[in-house]
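Here's the structure we're looking at; comments come further down.
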Amino acid sequence: MPKNQLPQLVKGTRDVYAAQAMQRSYIIDHIKAVYQSYGFMPLETPALEQVSTLLGKYGADGEQLIYRILNSGDFLAGIDASASTDYKTLLPHIAEKGLRYDLTVPLMRYVATHHHELVFPFKRYQIQPVWRADRPQKGRYREFYQCDADVIGTPSLWIEAELLGMVHEVLARLGITDFKVSLNNRAILNSIVTLMGAAERVNEFCMSIDKLDKVGTERVMQELINKGFERTALEKFAFIFDMQGDNAANLQVLRTYLQESDSGLEAIASITEILHLLTKLGIPDNHITIEPSLARGLAYYTGTIFEVTLPNVSIGSIVGGGRYTNFGEAFGLMHMTGVGLSFGVDRLCVAMESLGVFPDSMGVATKVLFTNQSQEIPDLVSKVIPQLRQNNVAVEVYPEPISLKKQLSYANKKLIPFVVIIEEEELKTKKYILRDMNKGTQNLHTAQELINLLRCL
RNA sequence: GUGAUUGUAGCUCAGCUGGUUAGAGCGUUGGUUUGUGGCACCAAAGGUCGCGGGUUCAAAUCCCGUCUUUCACCCCA
């Protein structure tokens with residue numbers, strides 16, 4: 001090994017330590033608490049899945065981003081390399097396992113294999129990392145945490161309302177007040193394209209229309225015309241993607257424009273119902289915007305779709321979700337519908353950092369450091385320290401009797417707010433020095449006084 | 001996958017059109033203070049200039065390749 005080699009991280013991955021790790025678990029703890037309060041139970045699945053489980057769920061683009069694991073041992077055994085020089089034909093034979101790309105497909109797999117023993121509607125949450133062989137950029141990683149909550153087996157819009165309720169609850173608990181929930185239904189997009197007479201080209205249409213807020217109406221129109229959509233047809237529906245009214249007014253506009261489409265009207269009715277349920281749940285609708293241009297890429301969404309963005313943080317969406325019917329068809333489960341959402345912890349972390357909404361004490365674990373100045377001290381404090389820990393006071397003892405200066409410097413760097421100094425003189429009177437590192441003051445206390453004081457500080 | 005962009009000390013970066021021993025700030029270590037942190041001052045350690053090749057009397061500097069960083073597109077949390 002070269003002498004000065006510094007080990008390198010895999011592109012798009014990060015080490016997470018101390019303050020960052022505590023921020024992550026702070027977010028996860030709040031999300032978990034909200035999920036549980038709505039009756040979701042935890043599920044954990046392996047990082048590895050059969051590639052065959054993963055394929056055919058994310059569309060051609062998504063599929064490219066699946067990490068594949070090379071078979072163990074002689075993965076070339078039994079392969080006629082001269083017959084298949086193309087890596088694409090070779091790949092399924094030499095790499096049969098892959099890393100999970102999201103948490104929804106593993107859920108489908110789980111439900112398909114256990115459906116006879118599950119209680120439906122099946123409510124599960126899942127907080128685990130997923131992997132995507134994407135090119136990293138701002139707020140985009142190759143390994144990141146998702147926090148999914150899904151309900152399988154009921155078409156009730158009550159669930160949609162509850163999921164949006166959970167979004168509001170989680171963000172409120174995390175101190176995020178300014179956010180935007182974009183709400184749409186795939187059937188609205190489908191009916192628009194059908195009314196335009198290009199029903200089979202929904203995906204092409206959606207890909208362009210999804211870029212509206214990014215590149216503007218003109219460029220999207222031009223792109224669609226270039227793709228061969230008819231200008232007159234496009235112009236007839238252009239207004240839909242540029243509605244300025246409130247939700248009720250916009251729904252009315254949609255009703256008028258899509259009156260010829262039963263499925264379109266049905267989708268509008270379901271959005272109306274979701275908003276109605278939200279007011280019943282006491283959730284203000286001022287964060288929610290009906291966004292007919294919202295398409296979302298994941299191939300399996302069929303009904304309601306939504307995502308959450310933060311106006312003041314340019315990091316993409318922090319929550320995404322929607323309803324997928326024909327859930328699990330690929331696994332032999334017919335007529336099973338699901339709805340779910342997913343919080344992106346890593347993006348939330350970046351966002352909350354830049355919004356400055358993390359509590360101040362984040363990343364400071366230890367409340368008090370016991371300095372170490374002679375070999376007998378660990379024995380002498382052995383009664384005080386366990387009592388403090390039992391009272392949930394985080395205590396460290398400096399492990400070596402080095403100079404006090406260095407021990408205080410250690411406390412200073414770790415932002416430990418209190419230090420207990422014990423030396424021979426104080427021991428004669430059975431008292432300890434408690435130093436307040438922020439104020440720079442210190443006082444003498446007995447063991448019992450120390451315990452009482454530190455519990456309350 | 002496409003188009004750009006970056007790489008010099010542990011970190012953030014200087015280093016002008018090639019020219020002796022490659023610099024700064026922060027951090028680290030030691031000291032001023034052998035029982036008191038932050039501030040200040042003094043000193044020291046630390047660099048195959050991403051890697052490989054080429055041009056040249058001479059390359060951190062110019063050229064090619066490669067890896068890496070960041071950003072945008074596609075897509076997505």
Side-chain angles (χ1 to χ4, degrees), chain A residues 2-6 8-12 14 24 27 31 58-66 88 101-104 127-148 167 203-204 206-208 210-211 214-215 219 223 294-299 301 305-310 313-322 340-351 369 371-374 398 401-427 433-442:
Chain A
K3 212 170 26 176
N4 291 326
Q5 186 193 13
L6 281 176
Q8 240 169 2
L9 281 172
V10 170
K11 188 203 281 250
R14 300 149 307 152
R24 176 184 279 178
I27 293 172
I31 292 175
Y58 306 111
D61 285 330
E63 222 146 82
Q64 282 188 309
L65 304 181
I66 294 172
K88 281 181 181 167
Y101 176 92
D102 70 0
L103 301 176
T104 310
I127 300 175
Q128 290 189 282
V130 302
W131 294 269
R132 295 182 188 177
D134 211 349
R135 277 227 189 154
Q137 53 183 275
K138 195 183 178 78
R140 177 179 299 191
Y141 310 100
R142 284 181 162 176
E143 175 185 66
F144 61 95
Y145 268 79
Q146 288 195 321
C147 303
D148 279 37
V167 168
N203 288 340
E204 267 182 276
C206 289
M207 260 167 64
S208 299
D210 195 43
K211 288 187 252 176
K214 224 175 210 169
V215 303
R219 284 180 58 185
E223 191 176 309
L294 176 68
R296 294 190 54 74
L298 283 176
Y301 289 123
I305 42 179
F306 58 89
E307 64 180 32
V308 182
T309 49
L310 303 176
V313 190
S314 59
I315 197 173
S317 57
I318 54 161
V319 182
L341 59 73
S342 184
F343 278 86
V345 184
D346 305 85
R347 283 188 178 176
L348 261 177
C349 240
V350 174
L369 173 77
T371 57
N372 190 339
Q373 284 122 295
S374 91
Y398 200 87
I402 58 170
S403 76
L404 186 59
K405 177 188 172 74
K406 284 184 182 166
Q407 299 187 49
L408 286 170
S409 173
Y410 171 85
N412 190 52
K413 282 178 204 157
K414 285 192 76 176
L415 303 172
I416 297 171
F418 297 99
V419 174
V420 173
I421 300 166
I422 319 131
E423 278 235 338
E424 312 301 332
E425 271 185 51
E426 280 75 25
L427 284 174
I433 297 170
L434 177 65
R435 181 170 179 83
D436 182 323
M437 294 298 279
N438 294 318
K439 292 182 187 150
T441 56
Q442 56 190 44

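First the proteins, then the strands, lettered A, B, ... as listed; each starts at 1. From a predicted model like this one, the values you see are computed outputs, not experimental measurements.
If you measure from atom CD1 of A/Ile402 to atom C1' of B/G30, you get 14 Å, rounded to the nearest angstrom. For A/Tyr101 and B/A77, the OH to P distance is 8 Å, given to the nearest whole Å. Remark: P of B/G31 and NZ of A/Lys405 are 8 Å apart, rounded to the nearest angstrom. Rounded to whole angstrom, the span from the CD1 atom of A/Ile422 across to the C1' atom of B/G35 amounts to 13 Å. Here the C1' atom of nucleotide B/A77 and the OH atom of A/Tyr58 are 13 Å apart, to the nearest Å. Between A/Arg435 atom CZ and B/G38 atom C1' there is a gap of 10 Å when expressed in whole angstrom units. As a whole-Å value, the separation of A/Tyr301 OH from B/C75 P is 16 Å. Regarding A/Arg14, its CZ atom lies at a distance of 18 Å from the C1' atom of B/U68, rounded to whole Å.
When the C1' atom is compared between B/A45 and B/G31, the two are found 14 Å apart, to the nearest whole Å. Separation of the C1' atoms belonging to B/C16 and B/U61 is 11 Å when rounded to the nearest angstrom. Rounded to a whole angstrom, the distance from the P atom of B/G65 to that of B/G47 is 32 Å. Nucleotides B/U68 and B/G1 are separated by 11 Å at their P atoms, to the nearest Å. The same atom, P, is picked in B/A77 and in B/U28; the two are 41 Å apart, to the nearest Å.
Nearest-nucleotide assignment on RNA chain B puts the 5′-proximal partner with A/Met437, out of A/Met437 and A/Arg142.
In this model, the phosphate group of B/G38 is not approached by any side-chain N or O of A/Lys413 to a distance below 4.0 Å at OP1 or OP2. Of the side-chain N and O atoms in A/Lys406, none sit less than 4.0 angstrom from OP1 or OP2 of B/U33. OP1 or OP2 of B/A72 sits under 4.0 Å from a side-chain N or O of A/Gln137.
For the pair A/Val345/A/Phe144, no side-chain contact is recorded, criterion being any heavy-atom separation below 4.5 Å from C-beta on. At a threshold of 4.5 Å between non-hydrogen side-chain atoms, the residues A/Tyr141 and A/Arg14 count as touching.
Within 4.0 Å of A/Ile315, counting heavy atoms only, lies no atom of the nucleic acid at all. The residue A/Leu65 sits apart from the nucleic acid: no heavy atom pair falls under 4.0 Å. Residue contacts shown for A/Tyr141 include a base, since a base heavy atom lies under 4.0 Å away. Here A/Val319 lies in heavy-atom contact (under 4.0 Å) with sugar-phosphate atoms only. Within the nucleic acid shown, A/Gly440 comes within 4.0 Å of at least one base atom, counting heavy atoms only. A/Ile318 comes within contact range of the sugar-phosphate backbone alone, with a heavy-atom separation under 4.0 Å but no base atom that close. Within 4.0 Å (heavy atoms only), A/Asn438 reaches at least one base atom of the nucleic acid.
Ion pair A/Arg142/A/Asp134 not flagged as a salt bridge, since none of the NZ, NE, NH1 or NH2 atoms sits closer than 4.0 Å to an Asp/Glu carboxylate oxygen. Using a 4.0 Å cut-off between charged side-chain N and carboxylate O, A/Asp102 and A/Arg132 make no salt bridge.
Considering only the side chain of A/Ile421, B/U36 comes nearest among B/A77, B/G37, B/U36.
Here B/C41 sits opposite B/G31 as a Watson-Crick or G-U wobble pair (both hydrogen-bonding atom distances under 3.5 Å). Across all strands shown, B/C26 forms a Watson-Crick or G-U wobble pair with B/G10, both key distances being under 3.5 Å. Both distances falling under 3.5 Å, in either a Watson-Crick or a G-U wobble arrangement, occur for no nucleotide opposite B/U21.
A donor-acceptor contact under 3.5 Å is not formed by the side chain of A/Arg135 with the base of B/G1. Counting atom types as modelled, A/Gln442 pairs a side-chain N or O with a base atom of B/U36 as donor and acceptor under 3.5 Å.
With hydrogens and angles ignored, the 3.5 Å screen pairs a side-chain donor or acceptor of A/Arg347 with a backbone N or O of A/Ser317.
For the residue pair A/Ser342 and A/Asp148, a side-chain donor N or O sits within less than 3.5 Å of a side-chain acceptor on the partner. Donor-acceptor pairing under 3.5 Å is lacking for the side chains of A/Ser409 and A/Gln407.
Stacking between A/Phe144 and the base of B/A77 is present: ring centres sit under 5.5 Å apart and the planes differ by under 30 degrees.
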